[in-house]
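As structure tokens, the structure follows; a few thoughts come after it.
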Amino acid sequence: MNIDKTPGWLDWYARPSRPRFALPAGSVDAHCHVFGPAAQFPFAPQRKYTPCDASKAQLFALRDHLGFSRNVIVQATCHGADNRALVDACRASGARARGVATVRRDIGDAELQSLHDAGVRGVRFNFVRRLVDFTPRDELVEIAARIAPLGWHVVVYFEAQDLPELWDFFTALPTTVVVDHMGRPDVGLPVDGPQFERFMTLMREHSNIWTKVSCPERLSHSGPPALNGEQAAYRDVVPFARRLVEAYPDRVLWGTDWPHPNLKDHMPDDGLLVDFIPHIAVTAELQRKLLVDNPMRLYWPEEHRN
Ligand code: 0GY
């Protein structure tokens with residue numbers, strides 16, 4: 001099927017390095033996507049970008065290459081509220097993938113149950129204007145009330161400058177709330193400056209709020225390592241992620257964000273992304289919580305023993 005990708009689209013990295021950091025046994029890549037394949041699972045007409053294909057088989061091959069045991073697959077906006085590619089991947093994973101779906105208020109109880117049976121454990125509310133059209137807050141409140149009894153949570157994606165306006169909505173949600181990519185701070189600002197302090201306050205005051213300390217490649221101004229390898233990759237993101245991991249070790253998650261939609265200047269080597277982890281979770285205990293205990297508690301609670 002011939003589908004024109006968004007101009008300038010960067011495809012995912014076909015030959016990632018093998019990480020030097022050995023992931024703890026049972027690690028979960030808690031933020032990744034599948035795209036299509038478009039011939040089987042067409043992209044949504046209202047999408048804001050058209051990506052390359054990124055199939056479940058390619059995702060599972062990456063999982064094994066990097067040393068992860070499981071995936072949490074997050075519905076990408078290019079598929080709108082059509083969760084078929086996500087469900088197909090979860091079902092094919094042998095219970096090694098859970099899903100976070102996008103649903104509309106008109107979803108029926110039977111469809112919600114069928115998503116649950118496939119492995120969906122959350123919904124994503126996206127507030128990033130370049131990715132989605134506006135959804136009325138009352139619709140989101142209604143959806144949150146529908147999914148709460150299933151034991152699901154809400155994943156929210158927004159940019160740091162929008163947090164003040166979204167604060168009351170987030171803090172009234174009745175479920176666990178997981179914030180994507182640390183609320184997208186501007187890492188050019190001080191880690192103890194007002195913008196990131198606001199996010200730290202959100203975490204401190206609301207024990208139901210978790211965050212993914214993910215996407216250094218998206219947030220960084222300093223970028224990937226220089227070719228001579230002298231500079232650590234994405235070093236300007238380290239203080240932000242490390243601060244969260246150390247302050248809230250039981251409420252942080254990590255994911256690759258493969259296949260890395262909408263990156264404009266470089267495509268990360270997923271092996272190097274894994275090598276970023278010991279810079280933000282510096283002890284074996286913090287690493288185990290970030291990569292194993294926390295995602296297991298949220299997505300596979302029936303198997304979680306701690
Ligand atoms: C991410 C980030 C992005 C895209 C999406 O669903 C999506 O389309 O999440 C982005 O463009 O910042 O987490 O994958």
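Both ligands and their constituent atoms are indexed starting at 1 by order of listing. Because the structure is predicted, anything quoted here is derived from the model rather than measured.
- Ring centroids of F196 and F240 are separated by less than 6.0 Å, placing the two rings close together.
- Contact annotation: for R184 versus ligand 1, heavy atoms closer than 4.0 Å belong to the side chain alone.
- At a cut-off of 3.5 Å, with distance as the only test, a side-chain donor of H221 or D186 sits close to an acceptor on the other residue.
- In R218, the part holding a heavy atom less than 4.0 Å from any atom of ligand 1 is the side chain.
- Annotation: atom 13 (O) of ligand 1 to nearest protein heavy atom, H181 NE2, 2.7 Å.
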Show the numbers, then the answer: is there a ring pair (Phe, Tyr, Trp, His ring centres under 6.0 Å) between H266 and Y234?
-> CA-CA 12 Å; H266 79 289; Y234 315 120; 5.7 Å; yes

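- Of the protein's heavy atoms, H33 NE2, 2.6 Å lies nearest to atom 14 (O) of ligand 1.
- For atom 5 (C) of ligand 1, the nearest non-hydrogen atom from the set R47, R124, H31, E159 belongs to R124.
- Both the backbone and the side chain of T77 come within 4.0 Å of ligand 1, judged by heavy-atom distances.
- Of the charged side-chain nitrogens involved, none lies within less than 4.0 Å of a carboxylate oxygen, so that D117 and R91 do not count as a salt-bridged pair.
- Between the side chains of D269 and S17, at least one donor N or O lies within less than 3.5 Å of an accepting N or O.
- With a heavy-atom cut-off of 4.0 Å, V128 does not touch ligand 1 at all.
- Remark: D11 CG to D53 CG distance equals 9.5 Å, nearest 0.5 Å.
- Against a heavy-atom cut-off of under 4.0 Å, Y49 is close to the following atoms of ligand 1: 7 (C), 8 (O).
- Of the heavy atoms in D257, only side-chain atoms (C-beta onward) come closer than 4.0 Å to ligand 1.
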